[in-house]
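Note sheet for the following structure.
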2 protein chains.
Amino acid sequence: MQERVTMTDVARAAGVSTATVSYVLSGKRPVAPATRTAVEAAITELGFTVNTAARSLRTGQSTLVALIVPDIANPFFAQLAAALQEELRGLGLHVIVCNTRADRREERALLAEAVQQRFAGVVITPFRLLPRDIEVLGRAGIPTVISADVPFGPVDLVTPDARTATRQALERVTAAKRRRIAMIAGPRDATGGDPRLELLRNLARQFGTSLPGDLVVRGEHTREAGAEGFARLMSRRYRPDAVFCANDMVAVGALDKANELGVGIPGEVALVGHDDASFASLVRPQLTTIRYPAEDVGRAAARLLKERLDGRSVHRTVRVKAEFLARDSA
Amino acid sequence: MQERVTMTDVARAAGVSTATVSYVLSGKRPVAPATRTAVEAAITELGFTVNTAARSLRTGQSTLVALIVPDIANPFFAQLAAALQEELRGLGLHVIVCNTRADRREERALLAEAVQQRFAGVVITPFRLLPRDIEVLGRAGIPTVISADVPFGPVDLVTPDARTATRQALERVTAAKRRRIAMIAGPRDATGGDPRLELLRNLARQFGTSLPGDLVVRGEHTREAGAEGFARLMSRRYRPDAVFCANDMVAVGALDKANELGVGIPGEVALVGHDDASFASLVRPQLTTIRYPAEDVGRAAARLLKERLDGRSVHRTVRVKAEFLARDSA
DNA sequence: CTGAAAGCGCTAACAA
DNA sequence: TTGTTAGCGCTTTCAG
């Protein structure tokens, strides 16, 4: 049980007041060079670091940033978390990763906690949340970054620019003379519908094809749902010859089922995922996917948060370019 | 910017003092039923939650629990993190996941921060840390749980019981008449050596075989290192016919290389991993592995931490049973 | 350019 | 069974 070094100790050692130590740390008012040097020497000498609890109590703001995601076991979010944390560490901010399991009640509970505890920031990929659920953060003045496919009220946004990549995917698929295009999309009640489906639909038209209603099935963003969705598609009167998936977890589930049913991938059916989760290149056949770079998303979110913390008040959108990765499954 | 509800507000509403409110919350001294009811009513009425910063400042203990792991992108640790967080949430504790990238300096920096900020607890899978590095936590009185294959000083430990599972793996491999057993182990300078290698060596003797020095190669716990290690093994004068891997990331790397070299798995070489990371059943051939259940580990760590927080002072060890999963690669 | 001091919201010792 | 109150370590206003 060793004693903690407080600012008072530093002040005494440097022969100044605690106010001066505080200002050396924050730079919020000028300090004479000599004083500053003395204080800095005392700080390193004693190994002082600020007590964040005291600071938080005084400033009314914690050092916690919540990263709220539907599924931390999805490597995409794990990587996003790692990048975010890495970027924010230098600012003395701590990232807590909160798993909602795609449950709206969890999502809302987490937001409430962020408000109550005056979190320094929130980065969230909403899954079943409504835009008005998010508003509480704005009212509480908590810097918020949404990572989602569609805008979500007047807050900072990191969003994919997937148009080109999706077009390339469609090119590849249609060049192989595939016309019956299907999608295993997210659940109907997900936040913002399924923008990946919308984009695909729009672009499909340009390729002279479409996604008929019976070739769009829906389910959670899980491997199981992917398997189930694929099975349903295979039971259609006219089977699809190309299946796009909401994300790579879903695509892998589809692959499981294809194996089980003896459906050849890509022979009979081309399979395209989204995200390029780390396992996408690991399955056989390797997953063709529309890569959305998790690290870049994490870094972009960190940057937006920093800017907010530095006082920016207008909201910004960062578009992160998705990339088409033609591997073996399509 | 809405106002925060403080304990004073609650006290006023309930017609008691803040002390009573505090005691209702903590249960640290008896409160008359009627009073308790009134206070609880006021709390829900006003939507009060304690200000953790104030509490931390007062008690000298934060609500933060650090989970320090070598690689958060490894799904094993991601799942561990999710389970730990889930268990601890109810206690009002926040888990921050800290990635060390297997770097000792990072590991030490994180421990130092935990001490400085008086974290409520630390759960760590040390990778290059020495036992004496950990001691700072004990001296600072911070509840600590080690998740590792070997004991690590007098602290709480969650550790695998892999003897039976490893024996089963060896049985399967030797039953297939494989005698040249190899391992792609962890780096030589890793904390505690490589206990998985030691265990395998010990048991191999019982099966009338052994792991000769030139059939043990070493590297980081990464996919790349796995590929490289496998390549080295394949360049041996007498190639192994069975390869155990430090974990599943490594095993997948080995699989990559086997594909590249045209080495048949399991035809020419049997491959056995460790952990059963989520992707183990995803690769082709599916990975035979010695499963170490991440969720159980996370829950066990949470339980040990809770017990410490409740005052237990002797250290305990929880053994979590590993399980042999015979899939396709061996 | 620097210091004194109030006070953030809570806990726990002490008093009743 | 309950209340009063000091004080945790910091930031920031006000005064010098």
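By convention in this document, chain letters (A, B, ...) are assigned in the order of the sequence lines, proteins followed by strands, and residues within each chain are numbered from 1. As the structure is a computational prediction, the values presented were derived from the model and not from experiment.
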Worksheet item: Which angle, to the nearest 10 degrees, lies between the helix axes at the two ends of the helix from C:dC1-D:dG16 to C:dA16-D:dT1, each defined by five pairs?
Response: 40°

Practice prompt. Report, as a single string ordered 5' to 3', how protein heavy atoms within less than 4.0 Å touch nucleotides 10-16 of chain C: B base, S sugar-phosphate only, - not at all.
Written response: BBBBB--

Worksheet item: Donor-acceptor pair, B:Q117 side chain versus A:T52 backbone, under 3.5 Å?
Response: yes

Worksheet item: Does A:N99 have any side chain to side chain donor-acceptor pair (under 3.5 Å) partners at least two apart in sequence or in another chain, and if so, which?
Response: none

Discussion item. Need to verify one output field. Residue with the more 5' nearest nucleotide on DNA chain D, B:V31 or B:L57?
Written reply: B:V31

Worksheet item: Between B:R12 (CZ) and D:dG3 (P), how many Å, whole number?
Response: 14 Å

Worksheet item: Mind checking what makes side chain to side chain contact (heavy atoms under 4.5 Å, CB included) contact with A:D9, not counting sequence neighbours?
Response: A:V5, A:T6, A:R12, A:L46

Worksheet item: Residues in salt bridge (Lys or Arg N to Asp or Glu O under 4.0 Å) with B:K28, at least two apart?
Response: none

Practice prompt. Side-chain contact test, heavy atoms from C-beta onward, threshold under 4.5 Å: evaluate it for A:P293 versus A:V320 and give yes or no.
Written response: yes

Practice prompt. Walk me through it: do A:I68 and A:E106 pass the test side chain to side chain contact (heavy atoms under 4.5 Å, CB included)?
Written response: CA-CA 10 Å; A:I68 303 177; A:E106 292 271 11; over 6 Å; no

Practice prompt. Could you check B:D189 against B:R104 for salt bridge (charged side-chain N to carboxylate O under 4.0 Å, His left out), going step by step and ending with a plain yes or no?
Written response: CA-CA 10 Å; B:D189 65 341; B:R104 175 150 179 251; over 6 Å; no

Item to complete: Give every residue pair that meets the ring pair (Phe, Tyr, Trp, His ring centres under 6.0 Å) criterion with at least one member in residues 292-312 of chain B, sequence neighbours excluded.
Response: B:F76-B:Y292

